[in-house]
Amino acid sequence: MKPDSHRFCVAPMMEWTDRHCRAFLRLISARAFLYTEMVTADAVLHGDRLRVLGFNAVEHPVGLQLGGSDPAGLAEAARIGADWGYDEINLNVGCPSDRVQSGRFGACLMDEPALVAECIHAMAEAVRVPVTVKCRIGIDDQDTEESLDRFIDTVADAGCTMFIVHARKAWLDGLSPKENRDVPPLDYDRVHRLKTRRSDLAIIINGGLTSLANAAPHLVHVDGVMLGRAAYADPYLLAEVDRTLYGEAEPPLSRLAVLDRFIDYVQGERDRGVRLNAMTRHVLGLFHGQPRARAFRRHIAEHAHLPGAGIEVLRRARDIVSGDAPAADAAEKRSAAA
């Protein structure tokens with residue numbers, strides 16, 4: 001793994017960062033590190049592997065995020081994921097949902113560093129790709145100084161050299177997963193102090209970052225930044241990642257060029273029987289803040305879900321947002337009046 005491989009990452013997000021989303025984001029940035037949605041080890045071991053693990057080679061670099069707490073099961077799932085071609089295996093120690101807690105994985109494992117260490121050791125022994133951890137700064141009433149240091153040191157001793165740290169506590173009792181993304185206060189300084197204390201580890205900061213402008217300053221203190229919802233809602237913010245954070249000279253594709261290439265991708269997937277709206281939902285934010293963006297979104301929302309909907313829906317949406325269609329202005333007025 002290159003030292004700067006994770007300078008910019010897009011967070012694993014359930015029901016969002018599926019393979020179609022990742023293929024779309026890769027058109028905007030060639031260097032951003034992408035992650036799958038969290039996949040349970042049991043789903044890998046016993047489920048439809050093509051459905052849960054399948055991805056397109058264009059997505060590289062891409063990491064598989066696993067959920068679980070059984071070292072043997074996680075090791076086998078990691079081995080399978082590595083054999084499928086993933087560049088990294090990441091263990092979820094940050095999700096606060098009740099369902100995840102009931103399975104004894106996610107953020108509740110912050111209270112069991114020895115078990116996490118055992119899992120990481122087993123996974124690392126099973127694969128040659130990096131095994132990493134995504135965690136919180138703590139849970140519930142834990143002291144974030146003492147407990148986070150203990151957690152990181154214990155897991156690092158088991159062979160983990162990269163931690164993605166969401167700079168909030170997770171409250172496992174009394175807050176919903178949605179509230180856990182906003183209510184506990186952010187403590188970026190705590191993550192910065194962790195990197196200062198453990199300069200030997202790669203530390204990626206996550207939580208509340210909304211743009212390249214407010215994420216980039218953290219790179220003075222840590223090795224990388226991870227954006228989640230902001231990157232999904234306004235995906236074109238990735239357009240400057242390669243030049244700004246990785247020093248690439250190639251200018252980014254325009255929004256319309258990204259859409260044109262995604263249309264080609266969608267056509268290929270439609271030919272394989274993939275539903276149109278399973279893919280088009282990921283492009284709704286592409287023209288965020290641009291003229292006719294609302295009409296673009298509305299056209300897709302009204303037509304992509306219809307039985308038999310095909311590539312013509314996206315082509316028509318492109319005409320609307322580019323202003324090329326004779327009815328584009330009428331569509332925008334209709335959208336504005338709604």
Side-chain angles (χ1 to χ4, degrees), residues 1-13 31-35 38 61-66 87-96 106-107 109-111 113 116-117 119-121 123-124 129-139 142-170 181 184-228 230-231 241 244-246:
M1 187 179 295
K2 296 179 180 178
D4 66 348
S5 61
H6 290 64
R7 282 181 68 79
F8 186 94
C9 310
V10 177
M13 292 176 281
R31 297 293 301 272
F33 203 98
L34 306 178
Y35 286 90
M38 184 191 69
V62 58
L64 168 65
Q65 187 183 67
L66 293 176
D87 301 295
E88 172 190 326
I89 309 297
N90 177 265
L91 181 63
N92 184 320
V93 190
C95 182
L109 290 175
M110 291 291 298
D111 207 28
V116 175
C119 293
I120 290 298
H121 178 74
M123 294 163 72
V129 298
V131 176
T132 65
V133 166
K134 187 174 189 293
C135 64
R136 296 280 185 137
I137 59 172
I139 57 172
Q142 284 183 340
D143 178 277
T144 58
E145 295 296 326
E146 178 185 343
S147 62
L148 182 60
D149 284 349
R150 182 175 65 254
F151 176 86
I152 296 294
D153 291 348
T154 302
V155 179
D157 285 346
C160 184
T161 61
M162 178 177 290
F163 294 84
I164 302 164
V165 185
H166 187 142
R168 300 182 198 272
K169 274 189 174 184
R181 293 195 296 264
L186 286 159
D187 189 352
Y188 294 133
D189 288 343
R190 179 65 188 94
V191 184
H192 298 168
R193 291 195 300 276
L194 172 63
K195 175 61 184 179
T196 299
R197 192 183 71 85
R198 291 301 307 259
S199 60
D200 57 314
L201 301 175
I203 303 297
I204 315 302
I205 198 167
N206 172 230
L209 303 177
T210 58
S211 69
L212 204 55
N214 78 354
H218 288 281
L219 293 171
V220 175
H221 306 283
V222 294
D223 300 286
V225 295
M226 174 178 277
L227 273 68
V241 163
T244 301
L245 300 186
Y246 291 94

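Of all the heavy atoms in Asn214 and Ser211, the pair that sits closest is OD1-O, 2.9 Å. Nearest heavy atom pair, residue Gly208 against residue Tyr188, reads C-OH, 3.4 Å. Here the closest non-hydrogen pair linking Gly138 and Gln142 is CA-OE1, 3.3 Å. Residues Thr154 and Ala117 share a closest heavy-atom pair of O-CB, 3.7 Å. For the residue pair Phe163 and Ile152, the shortest heavy atom distance occurs at CD2-CD1, 3.4 Å. When every heavy atom of Ala107 is checked against every heavy atom of Ala170, the shortest pair comes out as CB-CB, 3.9 Å.
Leu66 places a side-chain heavy atom less than 4.5 Å from the side chain of Ile89. For the pair Lys134/Pro12, a side-chain contact is recorded, criterion being any heavy-atom separation below 4.5 Å from C-beta on. The shortest side-chain heavy-atom distance between Lys169 and Arg136 does not fall under the 4.5 Å cut-off. Under the 4.5 Å side-chain criterion, counting only non-hydrogen atoms from C-beta, Met110 is in contact with Cys135. For the pair Phe33 and Ile164, the minimum side-chain heavy-atom distance is 4.5 Å or more. Side-chain contact between Val191 and Ile204 is absent, with no heavy atoms from C-beta onward closer than 4.5 Å. Under the 4.5 Å side-chain criterion, counting only non-hydrogen atoms from C-beta, Phe8 is not in contact with Thr244. Two residues are said to be in side-chain contact when any heavy atoms from C-beta on lie closer than 4.5 Å; Ile137 and Leu194 fail this criterion.
In this structure, His6 NE2 and Glu88 CD are separated by 3.5 Å, a value rounded to the nearest 0.5 Å. Summarising the geometry, atom OH belonging to Tyr35 is positioned 5.0 Å from atom SG belonging to Cys9; distances are rounded to the nearest 0.5 Å. The distance from the CG atom of Asp200 to the CZ atom of Arg197 is 9.0 Å, given to the nearest 0.5 Å. Here OG1 of Thr144 is found 9.0 Å from CG of Asp149. Values are rounded to the nearest 0.5 Å. Distance check, rounded to the nearest 0.5 Å: SG of Cys119 to CG of Leu109 gives 7.0 Å. In this structure, NZ on Lys195 lies 15.5 Å from NE2 on His218, to the nearest 0.5 angstrom.
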Between Val133 and Phe151, does the side-chain contact (heavy atoms from CB on, under 4.5 Å) criterion hold? Intermediate values first, please. CA-CA 11 Å; Val133 166; Phe151 176 86; 4.3 Å; yes

For side-chain contact (heavy atoms from CB on, under 4.5 Å), just list the numbers for Arg7 and Arg31, CA-CA rounded to whole Å, side-chain angles, deciding distance to a tenth of an Å, and then say yes or no. CA-CA 9 Å; Arg7 282 181 68 79; Arg31 297 293 301 272; over 6 Å; no

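Arg198 has a carboxylate O that lies under 4.0 Å from a charged side-chain N of Asp153, or vice versa, which qualifies the two as a salt bridge.
Ring-plane geometry between His221 and His192 is classed as parallel, the angle between the planes falling under 30 degrees on a 0 to 90 degree scale with a further cut at 60.
Put simply, the side chain of Asp223 gets close to the backbone of Ile203: a donor and an acceptor are under 3.5 Å apart.
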